[in-house]
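Some notes on the structure that comes next.
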Amino acid sequence: MTQTITVIRGDGIGPEIMDATLFVLDKLGTGLQYEYADAGLVALEKHGELIPATTLDSIKKNKVALKSPLTTPVGGGFSSINVALRRQFDLYANVRPAISFPNTKSRYENIDMITVRENTEGAYLAEGQEVSADGETAFSGTRITRKGSERIVRYAFELAKSTGRKKVTAVHKANIIKSTSGLFLDVAREVAARYPEIEFQEMIVDNACMQLVMRPEQFDILVTTNLFGDIISDLCAGLVGGLGLAPGANIGAEAAIFEAVHGTAPDIAGQGKANPVALMLAAAQMLDHVEQPQNAERLRKAIVATMEAKDSLTGDLGGTGTTMSFAQAIASRI
Ligand code: ATP
């Protein structure tokens with residue numbers, strides 16, 4: 001049966017990088033059908049809503065969405081549309097690969113790791129936030145649950161199993177934040193015991209940051225709570241050449257949304273300057289998810305070969321190519 005995915009073209013550079021990505025996907029012959037849906041500023045202008053019900057229905061029905069960056073206007077009723085979408089579909093796993101690519105300005109050439117970040121609870125989604133009337137004291141509460149910790153650590157180990165990876169590192173601060181981080185670590189140990197074939201390592205978050213900068217090649221899969229994951233996954237993106245090459249997946253039991261990590265880049269929108277690789281790598285994650293791992297691998301290899309040849313690279317990678325000429329160079333290697 002033909003599979004349909006929801007495609008959200010997004011704001012700013014979104015439509016350009018999506019066109020480039022779909023061009024490459026079509027070259028792969030994935031057989032996927034696209035159902036276009038609006039979100040963000042473009043949806044507000046067209047439908048009067050940032051996330052129209054038709055878009056939510058489309059994601060619910062298709063269970064898989066490829067999404068370009070979205071603008072969340074100030075005062076639009078959301079702190080972030082992305083966070084709202086993650087909450088709506090209970091997309092508990094944020095999966096961010098960081099892989100070295102040739103001819104980037106990164107410090108390392110041998111990085112291949114994945115950060116698995118809990119997406120639905122923890123300090124990032126603090127509860128009861130308030131600042132006292134005199135402005136002297138601020139408060140926010142952090143909730144960590146056994147269920148939330150269990151499913152994210154299990155996801156990390158299942159990912160290790162299905163991708164042939166050998167090690168999972170749980171990143172925590174249980175030595176100081178004994179309640180919330182302590183519960184996460186306890187549950188991580190319990191889950192790890194069910195996967196004796198995969199090495200389990202525990203690392204305190206401050207040490208993890210230092211180790212990531214000094215010896216990143218020691219890591220394989222990192223699993224951690226929401227706020228630590230937010231920070232660590234950007235650190236990892238920086239280690240491999242920045243946000244232009246960083247994809248992310250948000251995965252839940254009922255739906256999954258694949259996206260570039262960077263924003264809408266309004267400064268270069270509409271000029272053909274945007275690097276489409278982050279969204280293409282998100283599309284590769286999506287192909288793995290829809291059980292087309294061979295196409296995912298063909299896409300990743302074509303991207304690497306194009307970067308190796310420095311063929312039509314966009315300006316952020318030091319080239320003079322455009323979004324579409326870069327996509328054509330990648331497509332020609334598929
Ligand atoms: P937003 O408000 O949507 O987060 P932003 O401009 O604040 O947008 P990013 O979109 O992440 O944040 O952009 C940060 C910088 O990186 C900008 O200078 C932008 O031009 C550049 N940039 C981001 N994505 C890309 C890309 N795909 N290709 C080239 N440059 C990019």
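We count ligands from 1, going down the list as the structure has it; atoms in each ligand are counted the same way.
Proximity of atom 14 (C) of ligand 1 to the protein is not indicated, since no non-hydrogen protein atom lies closer than 4.0 angstrom. Atom 24 (N) of ligand 1 lies below 4.0 Å from at least one non-hydrogen atom of the protein.
There is no side-chain donor-acceptor pair under 3.5 Å between S233 and T115. A side-chain donor from one of D316 and T314 sits under 3.5 Å from a side-chain acceptor of the other.
Heavy-atom separations between I13 and ligand 1 include at least one value shorter than 4.0 Å.
Checked by distance only, ligand 1 and D316 stay at 3.5 Å or farther apart across all their nitrogen or oxygen atoms.
Those atoms of ligand 1 with a heavy atom of T264 less than 4.0 angstrom away are 1 (P), 3 (O), 8 (O), 10 (O). Ligand-side atoms of ligand 1 in range of P266: 6 (O), 8 (O), range being under 4.0 angstrom from any heavy atom. Atoms of ligand 1 found under 4.0 Å from any heavy atom of A274, numbered from 1 in the order shown, are 28 (N).
In terms of the salt bridge (Lys or Arg N to Asp or Glu O under 4.0 Å) criterion, residue partners of R151 (sequence neighbours excluded) are, by chain and number, D90.
Looking at N226, its side chain does come within 3.5 Å of a backbone N or O of E121 through a donor-acceptor pair. In terms of modelled atom types and a separation under 3.5 Å, the side chain of K273 and the main chain of D267 share no donor-acceptor contact.
Among A260, P69, G40, A265, the residue whose heavy atom sits closest to atom 21 (C) of ligand 1 is A265. Selection from G10, A246, S80, G263 by nearest heavy atom to atom 12 (O) of ligand 1 gives G263.
Ring geometry for F200 against F157 counts as tilted: the plane angle lies between 30° and 60°, on a 0 to 90° scale.
Residue I268 touches ligand 1 through its side chain alone, judged by heavy-atom distances below 4.0 Å.
Nearest protein neighbour of atom 18 (O) of ligand 1, counting heavy atoms only, is D267 OD2, 2.9 Å. The nearest heavy-atom contact from the protein to atom 28 (N) of ligand 1 is N275 N, 2.9 Å.
Look at E158 and R154 and you find no salt bridge, because none of the NZ, NE, NH1 or NH2 atoms lies under 4.0 Å from a carboxylate O.
Linking ILVMFWY residues whenever their side-chain heavy atoms come closer than 4.5 Å, directly or via other members, places M286 and V24 in the same cluster.
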